[in-house]
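A quick write-up on the structure given underneath.
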Amino acid sequence: MRRALAGIALAVTSMVALSFLVPLALLVREQARDRVTTAAEQRAAALSPVLALTTRRADVQQAVAELGSADQLAVRLPDGGFVGTPHAPEEALDRAVRGRETLAVDTSDGWAYLQPVVLRGERVAVVEAYVPAADLTRGVAASWGVMALLAVGLVGGSVLVADRLGARVVRSSRGLKRASLALGSGDLGVRVEPDGPPELQEAGAAFNTMADRVVDLLAVERELVADLSHRLRTPLTALYLEADRMGATPSAQRVTEAAGQLERELDSIIAAARTPLAAAQLTGTGPGTAKPCDVAEVVAMRLDFWSVLAAQQERPFERSLTPRPTPVAFPEDDLAAVVDALIGNVFRHTPQGTRFVVRVERRDRHVHLTVDDAGPGVADPEAALTRGVSVGGSTGLGLDIVARAARAADGELTITRAPLGGARVTVSFALADGSAAGGAGR
């Protein structure tokens, strides 16, 4: 922008300067010429009364010497003789004598002014005032030089002013850009100091207002999440009481374990919601680093949990976990939530006794987690990935959580038809740094 503004100022100021300087330069040259030619005409006119009184050579020479040098003032006497050195062509002198008319003649080395003087007896004398070419342009070059310096100063000053104005605009724009990028990366405390032209100052003030509003909305969202999570403690307490009434049975133990896991999840959600940075990371609005975890190990652990329910519902399942390390830069709890969401969808949307298969495969730079089932499948995969507008009567939050987790781990989520006849859901996770080149077996 600075270069563009400087270029515009240079072009406009140059055109304005040229539009004034060219006519002014011509006018200066004409004025210099008029000054010296007028002086020559005055000298010639001053000699005419002398010729009217006498044409004696001595008297005329004395008058010429008093009015100017013999080289710039000459007289052609009526008898054809000359006083001084003539410079006009012979035909111009003859014309002035015959026509008795005043002439101005440009010669090869200057300018000559011929003024005839009619004497008694119809005799004609001609006074010649000569101006050398150097005198015609004396002082013109210096005047042109001064005007050129003024034009250069004017153009340079305008370019400098335009550059300073452009620098101010660019500085304000870059500050607003940096603040926008910082806010987008999770720095909720970033603000800008409105600077620059009024329009950019208004944009900076609007940005600060927007940032304050974002902070307020996130605070309200965190409170709502924390309050909602806290309200879930009431049914959780009821689960604990129900498990106590069931006594020391395997079912009661499983209910207690599930309730304990749910309570831990609620505690983590409340803690994250009460912490701005953690809440930003939870919602995907802030930067964060996670301790690497092994996908195959997390999947095996969660399959052990779901295997009990699968046995109760007579659901045959298979597992195929790669023996190679599958580290990903993703929190273990979040990865467990992804696995639970995928397997839970199988239990929720397929009849009891439906078979399913869970696979973990390591490829070049990604780990692929695949869950196949023999259920009815997904008729509209795109709708199934829409948050809150899913199929089968669900809210769509499960697959939305999986999709956001995949994107956070530099992967993707795809839904296709499984060889078993039902749905195939595949989630990919980028391998952690330093492990993409391969690794030893477990």
Side-chain angles (χ1 to χ4, degrees), residues 258 261 265 293-328 330-387 390-431 442:
Q261 181 183 358
E265 292 291 338
C293 65
D294 193 277
V295 177
E297 292 180 358
V298 175
V299 172
M301 178 183 65
R302 298 315 299 161
L303 275 176
D304 292 341
F305 172 82
W306 287 98
S307 62
V308 179
L309 184 58
Q312 289 181 352
Q313 296 187 2
E314 298 180 352
R315 291 178 180 270
F317 72 93
E318 300 177 8
R319 68 176 73 190
S320 176
L321 308 180
T322 177
R324 301 171 62 193
T326 54
V328 294
F330 201 69
E332 182 176 344
D333 293 341
D334 292 347
L335 182 58
V338 170
V339 178
D340 289 344
L342 294 178
I343 300 178
N345 278 343
V346 176
F347 281 80
R348 190 176 301 111
H349 299 293
T350 62
Q352 294 190 16
T354 301
R355 179 187 176 193
F356 67 95
V357 178
V358 180
R359 293 186 179 86
V360 176
E361 301 172 304
R362 172 170 172 157
R363 297 183 183 175
D364 186 19
R365 296 182 179 274
H366 288 79
V367 180
H368 290 259
L369 168 61
T370 304
V371 178
D372 294 344
D373 64 68
V378 180
D380 191 351
E382 184 175 354
L385 295 176
T386 303
R387 184 182 180 93
S390 187
V391 294
S394 68
T395 62
L397 294 179
L399 288 179
D400 181 72
I401 292 174
V402 175
R404 286 191 293 116
R407 289 193 296 269
D410 194 18
E412 61 179 355
L413 168 66
T414 58
I415 301 177
T416 57
R417 176 68 66 175
L420 298 179
R424 164 171 284 185
V425 182
T426 303
V427 187
S428 63
F429 302 93
L431 287 166
R442 298 185 186 281

### Task
Could I get the full list of side-chain contact (heavy atoms from CB on, under 4.5 Å) partners for Arg407, not counting sequence neighbours?
Ala403, Arg404
### Task
May I ask you to decide if Pro325's main-chain N or O and Arg362's side chain share a donor-acceptor pair within less than 3.5 Å?
yes
### Task
First locate atom CG of Leu369, then atom CZ of Phe429, and finally report the distance between them rounded to the nearest 0.5 Å.
6.0 Å
## Note on the structure
Heavy atoms of Leu321 and Ala296 approach each other most closely as CD1-O, 3.9 Å
### Task
Output all residues satisfying side-chain contact (heavy atoms from CB on, under 4.5 Å) with Ala405, sequence neighbours left out; order by chain, then residue number.
Phe330, Val338
### Query
With sequence neighbours excluded, what pairs up with Ala311 under the side-chain contact (heavy atoms from CB on, under 4.5 Å) test?
none
### Query
Who passes side-chain contact (heavy atoms from CB on, under 4.5 Å) against Ser428, sequence neighbours left out?
His366, His368, Glu412
Under 3.5 Å, side-chain donor or acceptor atoms of residues 354-361 against the rest of the protein: list the pairs with distances, not counting sequence neighbours.
from   : atom 1 : to     : atom 2 : distance (Å)
Thr354 : OG1    : Pro351 : O      : 2.6
Arg355 : NH2    : Glu318 : OE2    : 2.3
Arg359 : NH1    : Asp372 : OD2    : 3.1
Glu361 : OE1    : Arg363 : NH2    : 3.3

#### Entry: Separation between CH2 of Trp306 and CG of Asp340, rounded to the nearest 0.5 Å
6.0 Å
### Query
If you take all heavy atoms of Pro376 and Arg417, which pair is closest and at what distance?
O-NH1, 3.4 Å
### Task
Give a yes/no verdict on a cation-pi contact between Arg302 and Phe305, requiring under 6.0 Å between NZ or CZ and the six-membered ring centre and an angle within 45° of the axis.
yes
### Summary
In short, Pro316 meets Gly353 closest at the heavy-atom pair CD-O, 3.7 Å
### Query
Hey, does Val427 have a side-chain heavy atom less than 4.5 Å from the side chain of Thr414?
no
#### Entry: From CA spacing to verdict: side chain to side chain contact (heavy atoms under 4.5 Å, CB included), Thr322, Val295
CA-CA 10 Å; Thr322 177; Val295 177; over 6 Å; no
### Query
Under the salt bridge (charged side-chain N to carboxylate O under 4.0 Å, His left out) test, which residues partner Arg319, sequence neighbours left out?
Asp304
#### Entry: Closest approach of Asp364 to Leu431 (non-hydrogen atoms, all atoms of both residues)
O-CD1, 3.8 Å
#### Entry: Taking every non-hydrogen atom, the tightest pair across Ala423 and Ala418
O-CB, 3.5 Å
### Task
For residues Ser307 and Phe317, report the shortest heavy-atom separation together with the two atoms involved.
CB-CZ, 3.8 Å
### Nearest-0.5 Å distance, CZ of residue Arg324 to CG of residue Asp294
12.0 Å
### Query
Can Asp373 and Thr350 be counted as having a side-chain donor-acceptor contact under 3.5 angstrom?
no
### Task
Drop me the distance from Thr370's OG1 to Leu342's CG, to the nearest 0.5 angstrom.
9.5 Å
